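Take a look at the structure set out below.
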Amino acid sequence: AGTMSAEPANGPTADQVEILEYNFNKVNKHPDATTLCLIAAEAGLSEEETQKWFKQRLAQWRRSEGLPSECRSVTD
């Protein structure tokens, strides 16, 4: 059980992604620490992993919306 081979190295399982996607699309694209903690618990992921996923997903979403991937300033 100590080996990492059972889990995909590239992150959450399909079931976990489903929970993350649901929260991202329906609940909050910018979860605060408390919300992030709840989502992590629901998905069975660490807060760090969840935060990383949201950050990547948000960048992806912003690109799809034709927005800069990081929001620096309004004039950017």
Side-chain angles (χ1 to χ4, degrees):
T3 60
M4 298 300 283
S5 58
E7 284 296 306
N10 60 351
T13 63
D15 288 350
Q16 290 170 326
V17 169
E18 208 171 294
I19 292 167
L20 293 166
E21 283 286 350
Y22 174 81
N23 281 283
F24 183 84
N25 291 308
K26 301 280 193 294
V27 184
N28 197 344
K29 287 180 172 56
H30 304 271
D32 58 23
T34 311
T35 309
L36 207 60
C37 188
L38 291 167
I39 297 167
E42 188 187 352
L45 293 164
S46 72
E47 285 173 62
E48 196 181 352
E49 284 173 309
T50 306
Q51 192 169 23
K52 197 193 292 183
W53 185 91
F54 263 88
K55 196 176 177 182
Q56 289 170 341
R57 186 67 184 82
L58 190 62
Q60 205 181 347
W61 176 80
R62 291 178 68 88
R63 279 197 303 274
S64 75
E65 297 288 308
L67 299 163
S69 58
E70 291 292 329
C71 108
R72 288 180 205 84
S73 66
V74 188
T75 54
D76 193 3

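No experiment lies behind these values; they were computed from the predicted model shown. Below, all heavy atoms of this structure are taken into account, side chains as well, without hydrogens, waters or symmetry copies.
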F54 to N28 - nearest heavy-atom pair and separation: CE2-O, 3.4 Å
- prompt: Can you name the closest pair of heavy atoms from I19 and A43 and give their distance?
  reply: CD1-CA, 3.8 Å
- request: Would you check if E48 and Q51 make a side-chain contact, meaning some heavy-atom pair closer than 4.5 Å?
  value: no
- prompt: Would you say P31 and N23 make side-chain contact, with heavy atoms under 4.5 Å?
  reply: no
message: To the nearest 0.5 Å, what is the distance between CG on L45 and OG1 on T50?
response: 4.5 Å
- prompt: How long is the gap from CG on L20 to CD1 on I39, to the nearest 0.5 Å?
  reply: 7.5 Å
query: Which residue pairs satisfy the salt bridge (charged side-chain N to carboxylate O under 4.0 Å, His left out) criterion with at least one member in residues 16-31, sequence neighbours excluded?
result: E21-R57
query: With sequence neighbours left out, what residues match D32 under side-chain contact (heavy atoms from CB on, under 4.5 Å)?
result: T34, T35
task: Please collect all side-chain hydrogen bond (donor to acceptor under 3.5 Å, both in side chains) contacts where either partner lies in residues 38-47, sequence neighbours excluded, each pair once.
output: S46-E49
task: Taking Q16 for its side chain and T13 for its backbone only, find out whether a donor-acceptor pair lies under 3.5 Å.
output: yes
- line: Under a side-chain separation threshold of 4.5 Å, the hydrophobic residues clustered together with Y22 are V27
